[in-house]
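These notes concern the structure reproduced below.
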Amino acid sequence: MSEIITSKDLHLYYGKKEALKGIDLSFNENEITAMIGPSGCGKSTYLRCLNRMNDLIPDVTITGSVVYKDKDIYSPKTDTVDLRKQIGMVFQQPNPFPFSIYENIVYGLKLKGEKDKVKLDQVVEESLKAASVWNDVKDKLHESALSLSGGQQQRVCIARVLAVNPEIILMDEPTSALDPVSTGKIENMLLELKERYTIIIVTHNMSQASRISDKTAFFLQGELIEFDKTKKIFLDPAKQETEDYISGKFG
Ligand SMILES: Nc1ncnc2c1ncn2[C@@H]1O[C@H](COP(=O)(O)OP(=O)(O)OP(=O)(O)O)[C@@H](O)[C@H]1O
Ligand SMILES: [Mg+2]
């Protein structure tokens, strides 16, 4: 297993408030890593650092480095639009664009100038299939994505990320707004997708983390407390704080 993205001594300040206190963490290709920890511990902040989504928030200072395939993404040379295609993101609330399902999926490719209808059709079908939502939507590709259920919308949003051919998919509580059936579909999909992608997922759902992830990172108050194989974290954690959190003593 080789490392695809690594943060070193990563600090992030919102104004003067230090939200990340020197995070060293490395993610392997084709693994699912779960990020867990109580509300406000910095999981979303950390996730956004990995594709520079925090650039969009005013008064943020970041120090340290994030190296993705031998390049520091915080270098001024980084094209952040390209970066966010290679490192895509899925959010807690499904956020399809108010267009048709088809136009949602081809959006990124059309921006890049792709006009070939055959190619676009092919990407739509492949992405929707990979996101396990093709059978739900194949007969209504030209209807509004907003007409779908929440679970279907979230899978369309995942397909939209897949359509631009990313290497890493960041997911911030992608199933917390969904029912158990939709959640199960997404979990099964993620286990298939990890053959081709690296997945980093924030979750408050401990059983989800233990079902699907290879590694788990436990955060507390802006610090990484423990990072290890998921089995180790859940069965035999090294730190008392980890044990207290996963056994439901706080958070
Ligand atoms: N845009 C912002 N401006 C200022 N402070 C922020 C901002 N976003 C987050 N914070 C603060 O940074 C800390 C970490 O927040 P973050 O959203 O990363 O936590 P989280 O672990 O994702 O929590 P949750 O589980 O509730 O989503 C919190 O104290 C939060 O109040
Ligand atoms: Mg969060």
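Owing to the predicted nature of the structure, the values given are computational and were not obtained by experimental measurement. In each ligand, atom 1 is the first atom listed, and ligand 1 is the first ligand listed.
Using modelled atom types, one finds a donor on one side chain and an acceptor on the other under 3.5 Å when comparing Q152 with D136. In the model, R196 has no side-chain atom that pairs as donor or acceptor with a side-chain atom of N165 under 3.5 Å.
Of the possible polar contacts, one joining the S247 side chain to the D244 backbone as a donor-acceptor pair under 3.5 Å is found. Here the side chain of R52 pairs no donor or acceptor atom with the backbone of L83 at under 3.5 angstrom.
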Given D179 and S182, is the side chain to side chain donor-acceptor pair (under 3.5 Å) satisfied, shown in steps?
CA-CA 6 Å; D179 67 279; S182 303; 2.6 Å; yes
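Inside a sphere of radius 2.8 Å centred on the Mg ion (ligand 2), the protein N/O/S atoms present are S44 OG.
By the side chain to side chain contact (heavy atoms under 4.5 Å, CB included) test, S7 pairs with L10, I23, L25, Y46, V66, sequence neighbours left out. Scanning for side chain to side chain contact (heavy atoms under 4.5 Å, CB included) contacts around D116 gives E114, V118, K119, with sequence neighbours left out.
The OH atom of Y13 sits 5.5 Å away from the OG1 atom of T63 when rounded to the nearest 0.5 Å. Here the straight-line distance linking atom CE of M189 with atom NZ of K129 works out to 15.0 Å at 0.5 Å rounding.
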Present, as a list of atom pairs with distances to 0.1 Å, all nitrogen or oxygen contacts under 3.5 Å between ligand 1 and the protein.
from	atom 1	to	atom 2	distance (Å)
ligand 1	8 (N)	Y14	OH	3.4
ligand 1	18 (O)	T45	N	2.9
ligand 1	18 (O)	T45	OG1	2.5
ligand 1	19 (O)	G42	N	3.4
ligand 1	21 (O)	C41	N	3.3
ligand 1	21 (O)	G42	N	3.0
ligand 1	21 (O)	K43	N	2.9
ligand 1	21 (O)	K43	NZ	2.8
ligand 1	22 (O)	S44	N	2.9
ligand 1	22 (O)	S44	OG	2.8
ligand 1	23 (O)	G40	N	2.8
ligand 1	25 (O)	K43	NZ	2.7
ligand 1	25 (O)	H204	NE2	2.7
ligand 1	26 (O)	S39	OG	2.5
ligand 1	29 (O)	K17	NZ	3.4

